[in-house]
Amino acid sequence: MKSTLAQALIERGVINDNTRIIADCPVRAMGEIPTMVEMTLTVDKAVIKDGVIWLDASNKSGKIFRVPSEQVKWIDGMNPVRLAAAYDI
């Protein structure tokens, strides 16, 4: 999802606390090899830093990930572009 779309969704209140997202998150695989894994997360807060929108989100076990908006694939079960169209954004 592009930063401009993420900012519009945050401003309209579509992305807020407790919003469920699916995003690619950095993890360590076997042998401590860094890799990306698609995870379901719950948004805790949105942070705008240096023009990039980051979502602080946690998984079921409570581990917090800072995910850039570009890595978000789904928001509350919908594609971000389709969700924005539903809200006329």
Side-chain angles (χ1 to χ4, degrees):
M1 167 174 60
K2 295 187 180 198
S3 292
T4 53
L5 179 57
Q7 185 170 356
L9 291 170
I10 291 167
E11 289 172 356
R12 293 289 280 290
V14 177
I15 297 176
N16 54 34
D17 296 352
N18 297 321
T19 300
R20 304 282 292 194
I21 63 170
I22 295 177
D24 288 330
C25 298
V27 296
R28 297 273 179 183
M30 292 181 71
E32 294 295 314
I33 299 170
T35 188
M36 299 296 272
V37 174
E38 191 174 278
M39 293 183 150
T40 301
L41 305 167
T42 302
V43 175
D44 297 322
K45 68 179 179 177
V47 178
I48 301 172
K49 185 175 181 182
D50 298 328
V52 178
I53 297 177
W54 298 84
L55 300 174
D56 287 346
S58 57
N59 63 6
K60 287 182 180 180
S61 64
K63 181 171 173 147
I64 297 174
F65 294 88
R66 179 162 274 186
V67 181
S69 62
E70 288 80 22
Q71 293 178 348
V72 175
K73 295 182 176 182
W74 297 92
I75 303 169
D76 284 335
M78 291 184 76
N79 179 297
V81 174
R82 188 171 179 189
L83 181 63
Y87 282 92
D88 199 28
I89 296 175

(Q) E11: which residues meet the side-chain contact (heavy atoms from CB on, under 4.5 Å) condition with it, sequence neighbours left out? (A) Q7
Anything under 3.5 Å between a donor and an acceptor, one on a side chain of residues 26-42, the other on a protein residue two or more places apart or in another chain? List them.
{"from": "R28", "atom 1": "NH1", "to": "E32", "atom 2": "O", "distance (Å)": "3.1"}
{"from": "E38", "atom 1": "OE1", "to": "K73", "atom 2": "NZ", "distance (Å)": "3.0"}
{"from": "T42", "atom 1": "OG1", "to": "R20", "atom 2": "NH1", "distance (Å)": "3.1"}

(Q) Grouping I, L, V, M, F, W and Y whenever their side-chain heavy atoms are under 4.5 Å apart, do I75 and I10 come out in a common cluster? (A) yes
**Q.** Minimal non-hydrogen separation, S3 against E70, with atom names
**A.** OG-OE2, 2.8 Å
**Q.** same_hphob_cluster(I48, M1) at 4.5 Å side-chain heavy-atom cutoff
**A.** yes
Q | Smallest separation among heavy atoms of D44 and I64, with atom names | A | OD2-CG1, 4.2 Å
Q) Partners of D76 by side chain to side chain donor-acceptor pair (under 3.5 Å), sequence neighbours excluded? A) none
Q: Can you sort out the partners of V81 under side-chain contact (heavy atoms from CB on, under 4.5 Å), two or more places apart, ordered by chain and number?
A: L5, N79
Q | Qualifying residue for side-chain contact (heavy atoms from CB on, under 4.5 Å) with V72, from L55, L9, D24, I53 | A | L55
**Q.** By side-chain contact (heavy atoms from CB on, under 4.5 Å) - contacts of K63 (at least two apart)
**A.** N59, S61, F65
Q: For K60, enumerate each residue passing the side-chain contact (heavy atoms from CB on, under 4.5 Å) test, keeping only those at least two apart in sequence or located in another chain.
A: none
Q) Who else is in W74's hydrophobic cluster (ILVMFWY, side-chain heavy atoms under 4.5 Å, direct or via others)? A) I22
Q: Working to the nearest 0.5 Å, report the span between CZ of R82 and OH of Y87.
A: 13.5 Å
**Q.** I21 and V43, any side-chain heavy atoms less than 4.5 Å apart
**A.** yes
Q. Can V67 be reached from V47 by stepping across I, L, V, M, F, W or Y side chains whose heavy atoms are under 4.5 Å apart?
A. no
Q.
Which residues pass the salt bridge (charged side-chain N to carboxylate O under 4.0 Å, His left out) test with R12, not counting sequence neighbours?
A. none
